[in-house]
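Note on naming: letters A, B, ... go to the chains in the order of the sequence lines (proteins, then strands), and numbering restarts at 1 for each one.
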Amino acid sequence: MKLSKNFESKQYEELIYALWEKSEVFRADPHSKKTHFSIAMPPPNETGTLGVHHALFLTLQDIIVRHARMKNLDVLWLPGTDHAALPVNSIIEKQLAAEGLTKHQIGREEFLSRTRKFVSGSRETMLTQMRAVGISADWSRLRYTLDDTLVRVVNETFIAMYKQGVIYRGERIVNWDSVLETTVSDDEVDYKTEITKLYTLKFGPFEITTARPETKLGDKYVVMHPEDKRYVKYKDGDTFKTEWINGEITATIIKDDVVDMSFGTGVMTITPWHSQVDFEIAQRHNLPAEQIIDFHGRLLPICEEFKGMTINEARPKIIDKLATKGLVVKIDDNYQHNVAINSRGGAIIEPQIRLQWFVDVNKKAVSWKNKIVSFKEVLTDVVVNGDITIIPKRFEKVYFNWINNLKDWCISRQIWWGHRIPVWYRIDTDGKEEVYVGLKPPIDDREGFNDWRQDPDTLDTWFSSALWTFSTLIDPALTENMELSFKDLLAGSMDFKVYHPTTVLETGWDIIFFWVARMILATTFMTGQVPFKQVYLHGLVRTKDGKKMSKSRPESIINPIDVINQYGADALRLSLIMGVSPGNDQVFSYDKVQSSRNFCNKLWNIARFVEGMNEGKEISPDLKLLTDADYWIIKKISDAQTLMIKQLDKYQFSEAYDVLYRLVWNDYADWYVEFSKNNTNLSVLILTLQAILALAHPFAPFVTETIWQTLSLKDNSILSSENYFKMPKSNLSRYNNFEEIKNIIIEARDIIHKTGSNETILYYNNSPIIVNYRQAIKRLTGVSDVIEVQDGRGLYLTSTSYHCWLDIDQASARAYISKLDEKIKHQQYILTILNARLNNKEYLRKAPKQLVQDSRLLLQKTQQLLNSLIEEADKFRVK
RNA sequence: GGGUGAUUAGCUCAGUUGGCUAGAGCAUCUCGUUUACACCGAGAGGGUCAGGGGUUCAAGUCCCUUAUCACCCACCA
């Protein structure tokens with residue numbers, strides 16, 4: 001087959017991907033004798049389509065795993081998708097609302113069937129997108145968070161944690177979303193600043209301030225700081241009667257030091273049911289809590305005439321009423337305050353007290369490294385002791401900070417889409433509620449005793465995501481057998497034994513709490529192992545104006561498919577790699593995509609050149625380095641390869657790509673290919689092309705594989721399953737020979753360009769090698785001839801140790817003097833610096849010997865160069 | 001309130017144990033259609049490395065400080 005004139009990515013990508021899939025080159029082999037390497041793909045949410053930010057992590061991980069394969073490891077990259085309970089639920093509810101329906105009208109079953117349809121469509125789209133990016137995941141092991149196996153593991157985990165006493169059910173204050181009608185975890189709450197009214201109200205002898213008068217309807221306690229001098233005459237527990245919104249009440253004074261004396265009057269009333277802080281005060285002082293707002297966001301009957309109203313309806317009416325009673329002291333219209341909203345869906349969060357399921361993070365009941373500790377302690381320990389390292393390291397601080405502030409994790413949700421909680425209830429004969437936690441409710445033969453009812457709630461999405469690294473490695477064939485214990489499941493799963501803990505987790509820093517920390521929590525508990533040994537955190541991909549790409553601004557999201565269609569998957573991948581560094585955000589730009597596309601085109605054309613040289617010729621089977629250029633490029637490639645492997649091992653993607661880019665463009669294309677036109681050594685040309693394709697393959701798999709296949713570079717092999725090439729030994733003096741020739745060409749070219757000379761001749765003597773490159777020098781410099789002489793004339797070349805002259809006339813040479821003068825000035829500057837350094841006794845005493853030695857050498861060289869430059873300049877200076 | 005990051009060429013950014021003349025891509029300008037490539041080649045211009053102070057033989061790199069921007073956590077009744 002022949003390479004077409006132009007590189008048209010669209011014509012090859014699908015074919016190449018099909019080839020990879022058919023030949024199963026991405027399939028992991030747990031029986032392999034090779035070292036095993038594993039990485040679990042963070043399962044993207046099945047909420048529609050992927051954006052370029054997904055393409056970033058797919059590319060990074062693909063480079064990691066392709067690099068590992070190139071190093072001859074057995075690699076498992078396990079792909080998957082996430083059911084994304086809350087986000088998907090939110091989408092479906094919005095769809096329903098658009099049709100004028102609610103979930104209650106259609107019922108749970110209908111709701112779930114709609115949702116399943118939506119996510120499976122979404123999944124198909126996403127999997128197609130992933131393939132389009134060229135990822136080398138093991139599709140035979142594709143997983144989904146609602147697979148039967150994963151459901152089983154979720155249930156086993158819940159049950160095990162419950163039995164261990166680290167999952168409990170309790171009435172706690174939770175974040176309530178009254179639109180989606182569910183609780184959400186602390187991490188899912190965002191705060192939005194808002195300008196609102198701040199009311200100062202008269203409350204008995206005190207003045208209190210509030211932004212939320214509607215919550216004050218049931219307030220009966222007034223709290224102040226015990227050391228507040230203004231209120232010393234009031235004692236904790238004192239009561240007083242006062243007129244309030246719905247008539248006279250009896251209020252009690254409470255002293256508590258959480259009150260900020262400097263805020264407002266230093267006095268506040270509390271609403272324990274609807275505020276975290278108030279709830280904690282009430283608990284400390286054993287005060288009752290009363291619900292004021294119901295779970296749909298409407299006021300309850302306790303509010304009397306305001307009952308049934310929404311907050312927005314009631315608020316002005318309450319203020320009016322207070323005003324007529326003369327209880328409104330002041331209204332500040334310009335009060336800035338933070339409103340809690342659900343990060344998914346955007347509805348306002350109302351704290352509520354509810355009976356919910358929680359993971360206890362403080363209870364010392366977790367067995368880890370032969371000690372009984374709390375989840376918090378495990379989470380801290382694994383990072384402190386280096387079981388897990390986080391890249392970049394600064395995120396360890398963020399991680400520890402989060403752990404320190406961590407409260408019990410509310411895991412139950414009232415939405416329908418998700419993992420149903422494995423808890424069963426029934427009412428006993430004496431009217432008491434019985435609770436059973438298990439995979440299935442127990443069978444009770446007695447009449448009327450079998451009506452166990454499953455908890456209607458589902459689990460937080462992140463509860464199942466937390467199990468991802470190991471739940472995906474459990475053999476699905478085993479999980480159907482309910483007789484097997486969880487231990488049996490682990491013990492019987494080959495993949496788990498071989499691939500867990502996974503080698504590295506690659507994910508975004510924005511989910512370090514949601515996911516990374518919780519994976520550590522759940523995995524250590526269930527398997528006694530860490531989920532991964534390293535965590536590499538990438539930054540976010542931002543739009544050209546630096547904004548976050550977000551679902552709320554659909555125009556900001558760039559579909560990778562659009563970019564791929566126009567420029568190719570490799571160009572997209574490379575553009576995302578340019579300038580990435582761990583933990584730092586990056587801007588997506590078409591400039592980068594274009595430059596990357598050009599790079600792919602360069603590879604393509606190099607291959608076309610080699611193809612042309614190769615045509616109709618026999619390749620000698622034994623590889624022999626012949627020319628200086630051969631030795632030179634071999635060393636360049638093997639140096640670059642060593643460096644790139646080192647960099648990729650440290651996840652320095654951008655740096656490695658930079659090395660590759662220079663190697664391909666500045667060394668291989670600009671010099672070796674150019675020299676091959678005159679001094680061809682076909683076997684080396686082909687070997688070096690192969691080696692370069694292998695190096696580029698993790699970055700740009702499609703174009704490299706296309707070239708590999710089209711030129712049939714190695715029988716019927718597939719580049720994706722090749723290893724990095726072992727390069728033959730180079731020879732430093734042959735390498736240096738080529739450097740000399742290069743320098744001659746660069747300098748001659750420069751002079752000719754600067755002086756505008758043409759038809760010049762290059763003279764030389766005392767060089768044994770120049771003659772070999774006569775034609776190449778002619779072609780690359782434009783000189784009309786290269787001639788050996790006893791004594792040359794014209795401008796003497798200063799950048800080579802050979803004697804070379806460029807035969808240009810006096811007039812042109814004079815035009816070059818200003819350039820020479822500049823060079824002289826620069827060399828003098830360097831000389832000054834070097835002299836100053838070497839005359840510094842402290843430097844000689846303290847700097848490393850090698851460095852001083854190098855400086856001396858450089859000084860010598862600089863002096864030599866300077867001398868010959870001055871000599872040359874003088875020769876042509878008009879006297 | 002606590003914390004993190006950024007500040008390097010017109011733009012987007014590299015620069016990892018401090019080491020010698022600070023780099024790349026894009027953009028700009030000049031020259032060039034030499035049969036792999038105009039998605040190209042050869043060159044050029046462009047930087048007091050945010051400001052100030054310090055440590056050191058040596059600072060873009062380490063420390064202190066100021067400023068601006070971005071972000072994270074906590075949350076104010």
Side-chain angles (χ1 to χ4, degrees), chain A residues 3 5-7 187 191 198 208-212 215-216 223 258-260 262-271 275-278 336-338 340 392 394-395 397-398 401-402 404-405 509-510 512-513 539-540 544 546 548 567 571 575 578-581 583-592 594-613 647 650 652 654-655 658 661-662 669-670 673-674 676-677 746 749-750 752-754 756 778-782 826-827 829-830 833-834 837 840-848 850-852 854-855 858 862:
Chain A
L3 294 172
K5 172 105 167 63
N6 294 310
F7 173 57
D187 292 300
Y191 293 90
L198 183 69
I208 58 158
T209 47
T210 182
R212 302 204 48 195
T215 64
K216 300 288 149 200
V223 189
V258 297
V259 177
D260 178 0
S262 65
F263 187 89
T265 56
V267 182
M268 66 180 198
T269 61
I270 56 165
T271 318
S275 153
Q276 177 75 38
V277 176
D278 295 4
Q336 199 184 47
H337 105 142
N338 285 337
R394 66 186 147 91
F395 278 97
K397 218 170 173 176
V398 178
N401 180 262
W402 179 80
N404 289 338
N405 291 317
W509 58 256
D510 53 329
I512 185 166
F513 309 136
L540 308 175
K544 216 172 156 56
K548 228 178 186 169
Y567 296 96
S575 74
M578 281 174 85
V580 286
S581 52
N584 291 332
D585 296 350
Q586 60 167 321
V587 171
F588 180 81
S589 87
Y590 280 99
D591 277 354
K592 286 193 202 166
Q594 251 175 50
S595 132
S596 310
R597 190 264 324 263
N598 295 354
F599 178 74
C600 297
N601 183 61
K602 198 72 186 175
L603 279 171
W604 185 260
N605 278 295
I606 286 169
R608 283 186 64 218
F609 171 79
V610 176
E611 182 185 43
M613 299 300 280
Q647 287 167 326
K650 290 193 282 181
Q652 296 175 335
S654 178
E655 290 87 339
D658 205 53
Y661 189 97
R662 278 167 224 265
D670 288 352
V673 165
E674 286 305 325
S676 291
K677 288 174 184 171
I746 290 170
R749 207 147 58 178
D750 184 46
I752 290 167
H753 183 253
K754 291 275 154 31
K778 273 171 71 176
R779 195 167 43 78
L780 292 172
T781 56
H826 187 64
Q827 293 304 317
Y829 166 68
I830 293 167
I833 291 175
L834 287 172
R837 192 173 296 147
N840 182 337
K841 287 201 185 82
E842 290 299 299
Y843 175 72
L844 296 179
R845 208 159 56 84
K846 290 185 181 166
Q850 187 58 46
L851 195 68
V852 176
D854 288 351
S855 296
L858 189 62
T862 310

Under 4.0 Å, heavy atoms only, any strand: does [X] hit a base, just the sugar-phosphate, or nothing?
X	answer
A:Arg837	base
A:His337	sugar-phosphate
A:Asn338	base
A:Lys216	sugar-phosphate
A:Asp260	base
A:Ile270	nothing

Could you identify the nucleotide paired to [N], looking across every strand shown and requiring Watson-Crick or G-U wobble geometry with both distances under 3.5 Å?
N	result
B:rU61	none
B:rU48	none
B:rC69	B:rG5
B:rC39	none
B:rG10	B:rC26
B:rU34	none

OP1 or OP2 of B:rC40 less than 4.0 angstrom from a side-chain nitrogen or oxygen of A:Asn598, does that happen here?
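It does, given that an N or O in the side chain of A:Asn598 lies less than 4.0 Å from OP1 or OP2 of B:rC40.
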Is there a donor in the side chain of A:Tyr567 and an acceptor in the side chain of A:Ser575, or the other way round, less than 3.5 Å apart?
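Checked: A:Tyr567/A:Ser575 side chains show no N/O donor-acceptor pair below 3.5 Å.
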Side-chain donor-acceptor pair under 3.5 Å between A:Asp854 and A:Gln850, yes or no?
yes
How far does [atom1] of [X] sit from [atom2] of [Y], to the nearest 0.5 angstrom?
X	Y	atom1	atom2	value
A:Asn605	A:Leu3	CG	CG	9.0 Å
A:Thr781	A:Asp750	OG1	CG	12.5 Å
A:Lys602	A:Asp670	NZ	CG	6.0 Å
A:Ile830	A:His826	CD1	NE2	3.5 Å

Aromatic ring pairing A:Tyr590/A:Phe588, orientation class (parallel under 30°, perpendicular over 60°, tilted between):
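Judged by the thresholds at 30° and 60°, the geometry between A:Tyr590 and A:Phe588 is perpendicular.
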Can you tell me how far [atom2] of [N] sits from [atom1] of [X], to the nearest Å?
X	N	atom1	atom2	result
A:Tyr661	B:rC39	OH	P	14 Å
A:Gln336	B:rC75	CD	C1'	13 Å
A:Phe513	B:rG3	CZ	P	16 Å
A:Tyr567	B:rC39	OH	C1'	10 Å
A:Leu603	B:rC40	CG	P	13 Å
A:Gln647	B:rA24	CD	C1'	14 Å
A:His826	B:rA22	NE2	C1'	12 Å
A:Tyr843	B:rG18	OH	C1'	13 Å

Name the residue from A:Phe599, A:Phe7, A:Phe609 that meets the side chain to side chain contact (heavy atoms under 4.5 Å, CB included) definition with A:Trp604.
A:Phe7
Find every protein N or O atom lying less than 3.5 Å from an N or O atom of nucleotides 61-64 of chain B, and list the pairs.
none

Evaluate the side-chain proximity of A:Asp585 to A:Trp509: yes if any heavy-atom separation is below 4.5 Å, no if none is.
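Contact flag for A:Trp509/A:Asp585 side chains = yes.
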Between [M] and [N], how far apart are the [atom1] atoms? Round to whole Å, please.
N	M	atom1	value
B:rG15	B:rU34	C1'	37 Å
B:rA22	B:rU12	P	23 Å
B:rC69	B:rU8	P	15 Å
B:rU68	B:rG25	P	35 Å
B:rG47	B:rG23	C1'	11 Å
B:rA50	B:rU7	P	7 Å
B:rU61	B:rU56	C1'	13 Å
B:rG18	B:rC37	C1'	42 Å

Sequence neighbours left out, what passes salt bridge (charged side-chain N to carboxylate O under 4.0 Å, His left out) with A:Lys778? Give chain and number order.
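Checked A:Lys778 against salt bridge (charged side-chain N to carboxylate O under 4.0 Å, His left out); zero matches.
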Who passes salt bridge (charged side-chain N to carboxylate O under 4.0 Å, His left out) against A:Arg394, sequence neighbours left out?
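Per chain and number, A:Arg394 pairs via salt bridge (charged side-chain N to carboxylate O under 4.0 Å, His left out) with no residue.
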Applying side chain to side chain contact (heavy atoms under 4.5 Å, CB included) to A:Asp510 and not counting sequence neighbours gives A:Leu540
Decide salt bridge (charged side-chain N to carboxylate O under 4.0 Å, His left out) for A:Arg845 and A:Glu842; before the verdict, give the C-alpha distance in whole Å, the side-chain angles of both, and the deciding distance to 0.1 Å.
CA-CA 5 Å; A:Arg845 208 159 56 84; A:Glu842 290 299 299; 3.1 Å; yes
Taking the minimum atom-to-atom distance to the side chain of A:Val277, which one of B:rC73, B:rC76, B:rA42 wins?
B:rC76
Residue whose closest nucleotide on RNA chain B lies nearer the 5' end, A:Gln594 versus A:Leu198:
A:Gln594
A:Ile746 vs A:Tyr829, nearer the 5' end of RNA chain B by closest nucleotide:
A:Tyr829
Quick one: does any side-chain atom of A:Ser595 pair with a main-chain N or O of A:Asp591 as donor and acceptor, under 3.5 Å?
no
Any N or O donor-acceptor pair under 3.5 Å from the base of B:rC26 to the side chain of A:Ser595?
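Check fails, no donor-acceptor contact within cut-off.
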For every nucleotide of nucleotides 31-37 of chain B, 5' to 3': is a protein heavy atom under 4.0 Å from its base (B), only from its sugar-phosphate (S), or from neither (-)?
-----BB
Classify every nucleotide of nucleotides 4-13 of chain B by which part a protein heavy atom approaches to under 4.0 Å, writing B for the base, S for the sugar-phosphate alone and - for neither, in 5'-to-3' order.
SS------SS
Check the pair A:Met578, A:Gln586 against side-chain contact (heavy atoms from CB on, under 4.5 Å), reporting the backbone distance first and the verdict last.
CA-CA 9 Å; A:Met578 281 174 85; A:Gln586 60 167 321; over 6 Å; no
